[in-house]
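See structure below.
Chain A is the first sequence line, chain B the second, and so forth, proteins listed ahead of strands; every chain is numbered from 1.
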Number of protein chains: 2
Amino acid sequence: MARSFGQYCGVSTALELVGERWALLIVRDLLVGPRRYTDLKQGLPRVPTNILSARLRELQDAGIVRRVALAHCGLVYELTPYGRELEDVVLALGRWGFKAMGAPEDGDVVTIDSLTMALRTAFRPDAARAQPDTAYELHVGDVALLATVANGALAVRPVANARPVDLVAATGEAREPQLVIAAGPRIRDVIAGTLAPDAAIAEGAVHVLAGEAALLERFAATFHLDPEVAERAS
Amino acid sequence: MARSFGQYCGVSTALELVGERWALLIVRDLLVGPRRYTDLKQGLPRVPTNILSARLRELQDAGIVRRVALAHCGLVYELTPYGRELEDVVLALGRWGFKAMGAPEDGDVVTIDSLTMALRTAFRPDAARAQPDTAYELHVGDVALLATVANGALAVRPVANARPVDLVAATGEAREPQLVIAAGPRIRDVIAGTLAPDAAIAEGAVHVLAGEAALLERFAATFHLDPEVAERAS
DNA sequence: CCGGATCCGAATCGATACTG
DNA sequence: CAGTATCGATTCGGATCCGG
């Protein structure tokens, strides 16, 4: 399959399976849920279609992705259980890369799936448990999603939902968001802890559309990546 | 620098910085300690020298690696604090890839650094704390290292050491290993939990060179990757 | 519209040779 | 020891096309 690194080692084995360009971004999107070919292409606007289909085939051959035909609804790709275990890898990568993010390049997009995984990356279960359950509605660019924090667990779903309302009701996730905010790229700085919530509002980096502005403090405490000072013996 | 994925996202940022071929394997080796160019080339026998120097330059430009001139001892490359934070990423990748490892391909090598990181990947601090402190000497292929477990912490160093003996004594790591074993690739199965210690000895997958064979049970409990059954709601 | 396959120029990688 | 230089082999990117 992929060119070998010539090592009998877990890291090199992993990189042979998911180290090719675009592969882990496909996995990232599939970690949010099963996706159709077209969904993936839309969520990864810069991936050439031949690369997307090549990666999907390789991921299937490796037992990471499975292709499922839905009754009367077309095809979806979904992670196998083994593929879902890549969550730790993607979260670790996201956590590390988040700190290196500067201002967005021209033409950079924020997608529903990437924002969903970013929220999962930054989510602090213990910080969440220390505060009242809250539902946040977050708008970034033309992406909008509802993040519901309850009992130390996080659920994220798109807000302009294609899902039937009764499904939402059934999962008990439906609830009026206590805070609705619209943010630009500097929401990253709020989560990274380099921009205080009140400063973010004062500077217009975050707009409160509904709810009490003070709840942004709770948001920032719940979704937070600490500097992790990296004091370690070499 | 690298071609952009066109997303404002932590995962894609990380992949732009360390997603190129060989980059994370270089980081893996540097996580064990500072290395000279020649050390890296030896630990990554299949990397073309032009790629190695290109990656080292890119990693330096990204602030992940630093090039340090030692007094009268040449140059070494070492991770910056930010680079050292990639440990979580490399360990997560190693843990995941370890389970996908089959039999080694022809010509696959096991290096000191890859084996050291594999032991770190599989190390269970709580399992270690539940048992007496132990020093293991492990030979795989032509690689030999000493893994010292004390107070729930792991220290690994090469056994045919170029380091002065008094340095070893100063760090308190020096101690006669209670168990010395020589193993082939199937040591992987012992760590993965698919080959029981006594069966490994019976089948000749692991040879006990010194110490009590029963200590291999302790080794297997200390260095272990559980199946992590991945039962999760899709 | 969905789910790709095909073609081709550009960029990257791999192998080897060579240099201060 | 610490890399450059070169060049053929691969892979990637962009665009187009095609069957359902």
Side-chain angles (χ1 to χ4, degrees), chain A residues 1-7 12 15-26 29-30 34-62 65-78 105 107-109 162, chain B residues 1-7 12 15-26 29-30 34-62 65-78 105 107-109 162:
Chain A
M1 165 178 329
R3 296 159 290 175
S4 165
F5 290 102
Q7 309 222 155
S12 62
L15 290 173
E16 283 163 12
L17 294 175
V18 296
E20 304 285 308
R21 199 164 161 76
W22 295 104
L24 278 176
L25 292 178
I26 295 171
D29 285 7
L30 292 179
R35 293 286 180 265
R36 287 181 301 180
Y37 184 89
T38 314
D39 299 331
L40 292 169
K41 199 168 69 166
Q42 210 158 30
L44 273 1
R46 299 259 265 261
V47 68
T49 70
N50 56 342
I51 298 296
L52 178 56
S53 48
R55 290 293 167 274
L56 285 170
R57 186 175 7 259
E58 292 158 11
L59 291 171
Q60 287 174 77
D61 292 347
V65 162
R66 183 162 48 201
R67 194 196 202 215
V68 180
L70 266 47
H72 309 287
C73 297
L75 299 168
V76 294
Y77 295 90
E78 64 176 21
E105 301 287 314
D108 274 7
V109 298
Chain B
M1 164 177 330
R3 296 158 290 173
S4 165
F5 290 102
Q7 310 222 155
S12 62
L15 291 173
E16 283 163 13
L17 295 176
V18 295
E20 304 285 309
R21 198 164 161 77
W22 296 104
L24 278 176
L25 291 178
I26 295 170
D29 285 7
L30 292 179
R35 292 287 180 265
R36 287 181 301 181
Y37 185 89
T38 314
D39 299 331
L40 292 169
K41 198 168 70 168
Q42 212 159 27
L44 273 0
R46 299 260 265 262
V47 69
T49 67
N50 56 345
I51 298 297
L52 178 56
S53 49
R55 289 296 168 271
L56 284 170
R57 191 185 346 272
E58 292 157 13
L59 291 170
Q60 286 174 78
D61 292 346
V65 163
R66 182 162 49 200
R67 194 193 201 218
V68 180
L70 265 48
H72 308 288
C73 296
L75 300 167
V76 293
Y77 294 89
E78 65 177 19
E105 302 286 313
D108 274 8
V109 298

For this session: Could you tell me the separation between the CZ atom of Arg55(A) and the C1' atom of dT11(D), rounded to a whole number of Å?
Result: 8 Å
Exercise. Can you check side-chain contact (heavy atoms from CB on, under 4.5 Å) on Asp39(B) and Val76(B), steps first, answer last?
Worked result: CA-CA 9 Å; Asp39(B) 299 331; Val76(B) 293; 5.9 Å; no
Exercise. Arg35(A) has an atom CZ; how far is it from atom P of dC2(C), in whole Å?
Worked result: 14 Å
For this session: Please check the phosphate of dG4(C) (OP1 and OP2 only) for any side-chain N or O of Tyr77(A) closer than 4.0 Å.
Result: yes
For this session: Please check if the side chain of Asp61(B) supplies one atom and the backbone of Glu58(B) the other of a donor-acceptor pair under 3.5 Å.
Result: no
For this session: For Leu17(B) and Leu59(B), run side-chain contact (heavy atoms from CB on, under 4.5 Å): C-alpha distance rounded to whole Å, both residues' side-chain angles, the deciding distance at 0.1 Å, then the answer.
Result: CA-CA 7 Å; Leu17(B) 295 176; Leu59(B) 291 170; over 6 Å; no
Exercise. Once each nucleotide of nucleotides 14-20 of chain C is scored for protein heavy atoms under 4.0 Å, what B/S/- sequence comes out, 5' to 3'?
Worked result: BBBB---
Problem set entry | Short side-chain N/O contact from Arg67(B) to OP1 or OP2 of dA2(D), under 4.0 Å | no
For this session: With rounding to the nearest 0.5 Å, note down the distance linking CG in Asp29(A) to CH2 in Trp22(A).
Result: 10.0 Å
Problem set entry | Euclidean distance, atom CG of residue Leu52(A) to atom C1' of dC12(D) [Å, nearest integer] | 14 Å
For this session: Indicate yes or no: at least one non-hydrogen side-chain atom of Arg67(B) is less than 4.5 angstrom from one of Tyr77(B).
Result: yes
Problem set entry | Nearest-angstrom distance from the residue atom CG of Leu40(B) to P of dG3(D) | 10 Å
Problem set entry | Nearest-nucleotide pick for Glu20(B), side chain only, options being dC13(C), dC12(D), dC2(C) | dC13(C)
Problem set entry | Cation-aromatic face contact Arg21(A)/Phe5(B), 6.0 Å, 45 degrees | yes
For this session: Identify which nucleotide among dG4(C), dG3(D), dT11(D) has an atom closest to any side-chain atom of Leu75(A), counting heavy atoms from C-beta outward.
Result: dG4(C)
Exercise. Per the end-axis method with five pairs at each terminus, what is the bend angle of the helix from dC1(C)-dG20(D) to dG20(C)-dC1(D), to 10°?
Worked result: 30°
Problem set entry | Short side-chain N/O contact from Arg57(A) to OP1 or OP2 of dG3(C), under 4.0 Å | no
Problem set entry | Nearest-angstrom distance from the residue atom CD of Glu58(A) to C1' of dT10(D) | 13 Å
For this session: Would you classify Ser53(B) as touching base, sugar-phosphate or nothing, given that sugar-phosphate means primed atoms plus P, OP1 and OP2, and contacts are heavy atoms under 4.0 Å?
Result: base
For this session: Whole angstrom is fine here: how far is it from NE2 in His72(A) over to P in dC1(C)?
Result: 23 Å
For this session: Measure from OH on Tyr37(A) to P on dG20(D) and round the result to the nearest Å.
Result: 18 Å
For this session: Verify side-chain contact (heavy atoms from CB on, under 4.5 Å) between Ser12(B) and Asp108(A), making sure each step is shown before the conclusion.
Result: CA-CA 11 Å; Ser12(B) 62; Asp108(A) 274 7; over 6 Å; no
Seminar exercise, completed: Whole-Å distance, Gln42(B) CD to dA2(D) P, equals 12 Å
For this session: Check the pair Arg36(B) / Leu75(B) against side-chain contact (heavy atoms from CB on, under 4.5 Å), numbers first and verdict last.
Result: CA-CA 6 Å; Arg36(B) 287 181 301 181; Leu75(B) 300 167; 5.8 Å; no
For this session: Check each of Val47(A), Val65(A), Ile51(A), Leu56(A) against Ile26(A) using the side-chain contact (heavy atoms from CB on, under 4.5 Å) test, and report the only one that passes.
Result: Leu56(A)
